[in-house]
Amino acid sequence: HKPSMARGWWATFWSWRSQTRLYVLKAWGKLASTRGISLLESVHLWLFACGVLGGDGKVPSTLLLIGYLLLVAAIVVVIDLRQFWLRERPWFVAAARGAVYATASIYLDSVGTYMVAVTNEYRRQNIVLQDNVDELLKEAFKSWPFLEIVFLRVPELDVAEGFFHTLGLAVFACIAIEAGKTSVSLFEVTSRAAYTLGTCRLLRILCYTSTVKPSQVEDCFVNRYDETYSLREHLREAVSHWRIAGGCNDLLYSGHVVVLCLAALLYHENWQRVQSHRWLAFWMWWRLTHASFRIVYSHMHMSVDLIVGIFVTVLIWWWVSTPRVEAVGIEDGKVSQQIVAGLPERDEEMAMVSDAGSRSASFDHDMDLHTGNGIDKATTPTTMESPPPPPKTPSFGRREREQVRWWLGWLVLTAVLGVGLLVLNAEQAGPLSIFNAKRLQDIQLKPAMAAPAVGGEQPPRLFCAMMHLETSYSARRGYADAVGATWGARCNGLVMWDEDRSDIVPLDEAASVREPSDATHRRNRWLRTRRLLRYIQTGPATRYDWFVFVDDGGFVVAENFRYAAGFLEGQAANSGGAEDRPLYVGGGWGFAVNRAALAKLLRALDGSGRTCPGGPRSENVHALVHDCLASEAVSPTLFDVNSDLRTALGCQEDALLSVNLKSSSGRPCRYAVLSYLIPSPRWMYDVQAAIYKPG
């Protein structure tokens, strides 16, 4: 019978794989004998160069993804997995035990990170501590600005790139083993690194829970956690999510620098085994040093956190001994055991125990024959004593097989639980708290006919502008869908300003024409706000009466906001002011202007006054809008203290017109106009269900 098409493809692939594997191993042998730059060193230099040319201060994630795919392809094509298992299985139990230990430690660190932040008594205060390294960087960059440009241009070694380089080291070590150029147990090195990582994480928990340091990131707790959760809800969130990005008060010492330091240590001890040069190890230490300064510069950690983290990792690495394992063989039908410990002293011994009868052993034997150091048994005289038979392929006894199955099960269970926590609870924000759900249910809606008319004709037409702050595609897509399906549909006009969307790109390009040439990075919020205003100037400015600007964490109750806007217009007209009096309100949620105030704001942007900057400035958009309108003699309307408006909106004493969902203080007015600091698109639907009650 003719083979099926699938079998034909498989045979073709296997033949191609065998030829490719032989070619790679021969090429590796030639490269190992030269003094040029090795392939692994070339990968480091190329990624670094791409990061410099990219200009974002890090290696592009697309390149890392391509690199991961190439490493997987190398594993499938070049490495003989069967021989790899025969060679590495004596250390499998130790490696699996270490992996489970490290994973459990990282999870406990995630729980501790969350709980130490939400139980900190000073969590809402911004307490700044003096960091002399940070002060030194500021003074140096102030004196020599070009140093800051170079410092930020050099790509920062982050955890994703560090893990990629570690995996690359392991893959190239496997190729060197296949080529017979080195002898090292990858599972043994893995177990040592895993035990080091797990121990560092557990010790880290003890450090930051015993002495709680204040976060150096402004409003860290408000932006990351929900104060309205009860203790029970906080415990639920702590154990049901795996927060790998850190928290606010888990400072001493840095968990990120532990991972980066482990990568540097692995290169420090194994650069020779992959036929590289010593400078590659120093290169990794230099990347670690630069990454540490970048972390201090971003105020994510203080310098003491990084110094302690590096020294603790190095000390624990040298303290964690090589695991004792049992290499099991068969002699004369009986199981014999040989206790193995200390990799450098047993390279040749383990090559005999683990690689006997394998292709690697055959490759070494052929090389010996080629150099004249071996003995060809086919030409050996009969008078010569017969050589001893080659050692048999090692096999496990019953006890060892049970241990492998046991720890393999634990490893699979740990992987399933870990991936499940990361995938099923990918959103770091939990559900809407019970406290928030109850107070949002107290908000009622003003009927559409109750809104005061503007100009005696109709209720004010409301244009809503939502600016995306999230950078990931999935988050932006989630917020866009949620806003369009909830409060955005109740505005008279809506734009969701996302410069990465195909329908916004031409609008952003047209708006950029009227911007100054010294504008800052495209992600700067003030630059993005100015371009959004330029877009509104070209069309919506003449078709709507009020314009409200929020970020992706805002929820506008359009019916109540429309009523409040009309009330302010009527109040201004009754006080003897002009009908086109500019009105402007703002707060932590964003800002809103009527048509007259929008015209003043646009005129201020066209001017060259220093009170309304056009170039790169800070991210405090509300303060900059206030300065621009102040340059046109427009004062903010006291939105929250207008007693007549508060009475009309059913506000009792200390009630809130705008509800901060991350704060537990205050109850909302009966006709509150908006809520803000919504951390997840899922919350949009929960807020919608609470305010717009079914039926």
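Source: prediction; values computed, not measured. Sequential numbering from 1 along the given sequence is applied to the chain's residues.
A 4.5 Å side-chain heavy-atom check between Val217 and His301 finds every atom pair outside the cut-off. Within the 4.5 Å cutoff, side-chain heavy atoms of Thr113 are placed close to those of Arg204. At a threshold of 4.5 Å between non-hydrogen side-chain atoms, the residues Ser105 and Tyr101 count as touching. Using a 4.5 Å heavy-atom threshold, the side chains of Val118 and Arg123 count as separate. Side-chain contact between Tyr195 and Ile316: absent, with no pair of heavy atoms (C-beta onward) separated by less than 4.5 Å.
Taking the six-membered ring where the residue is Trp, the centroids of Phe311 and Tyr253 are separated by 6.0 Å or more. In this structure, Phe84 has its ring center under 6.0 Å from that of Phe187. In this structure, the ring of His44 has its center less than 6.0 angstrom from the ring center of Tyr267. Checked against the 6.0 Å centroid criterion, the rings of Phe151 and Phe293 do not qualify as a close aromatic pair.
Atom CZ of Arg477 sits in a sparse spot, with 12 or fewer heavy atoms from other residues, nucleotides or ligands closer than 6.0 Å. Trp410 CH2: 12 or fewer foreign heavy atoms inside a 6.0 Å radius. The environment of CH2 in Trp144 is sparse: at most 12 heavy-atom neighbours from other residues, nucleotides or ligands sit within 6.0 Å.
To the nearest 0.5 Å, the span separating CE on Met302 from OG on Ser215 amounts to 10.5 Å.
Side chain of Asp158 to backbone of Glu161: a donor-acceptor contact under 3.5 angstrom is found. Between the Gln216 side chain and the Leu129 main chain, a donor and an acceptor come within less than 3.5 Å of each other. Judged by distance alone, with hydrogens and angles left aside, the side-chain atoms of Ser110 form no donor-acceptor pair with the main-chain N or O of Ile106 at under 3.5 Å. Judged by distance alone, with hydrogens and angles left aside, the side-chain atoms of Ser191 form a donor-acceptor pair with the main-chain N or O of Glu188 at under 3.5 Å. A donor-acceptor pair under 3.5 Å is formed between the side chain of Asp250 and the backbone N or O of Gly247.
With 3.5 Å as the limit, one finds no donor-acceptor pair spanning the side chains of His290 and Glu156. Side-chain contact, Tyr297 with Glu148: a donor N or O sits under 3.5 Å from an acceptor N or O. A side-chain donor-acceptor contact under 3.5 Å links Trp317 and Glu269. Using modelled atom types, one finds no donor on one side chain facing an acceptor on the other under 3.5 Å when comparing Asn270 with Gln272.
Salt bridge annotation for Asp508-Arg528: absent, with no cationic side-chain nitrogen under 4.0 angstrom from a carboxylate oxygen.
Residue Leu169 is tested with Val274, Val189, Leu186 for a side-chain contact (heavy atoms from CB on, under 4.5 Å); the sole match is Val274. The side-chain contact (heavy atoms from CB on, under 4.5 Å) with Asp305 is formed by just one residue from the set Ile310, Ile295, Leu252; it is Leu252.
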As a quick check of understanding, evaluate ring-ring contact (aromatic ring centres under 6.0 Å, His included) for Tyr479 and His468, giving each step before the final call. CA-CA 8 Å; Tyr479 273 109; His468 286 276; 7.0 Å; no

Please determine whether salt bridge (Lys or Arg N to Asp or Glu O under 4.0 Å) holds for the pair Asp226 and Lys662, giving the CA-CA distance in whole Å, both sets of side-chain angles, and the decisive distance to 0.1 Å. CA-CA 5 Å; Asp226 189 351; Lys662 288 294 190 69; over 6 Å; no

Show the numbers, then the answer: is there a side chain to side chain contact (heavy atoms under 4.5 Å, CB included) between Leu157 and His165? CA-CA 10 Å; Leu157 178 66; His165 289 314; 4.2 Å; yes

Run the side chain to side chain contact (heavy atoms under 4.5 Å, CB included) test on Trp497 and Thr529 for me, step by step, so that the C-alpha distance in whole Å, both residues' side-chain angles and the decisive distance to 0.1 Å come before the verdict. CA-CA 9 Å; Trp497 196 253; Thr529 302; over 6 Å; no

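At least one cation-pi condition fails for Arg97 and Trp91: the charged atom is not both under 6.0 angstrom from the six-membered ring centre and inside a 45 degree cone around its axis.
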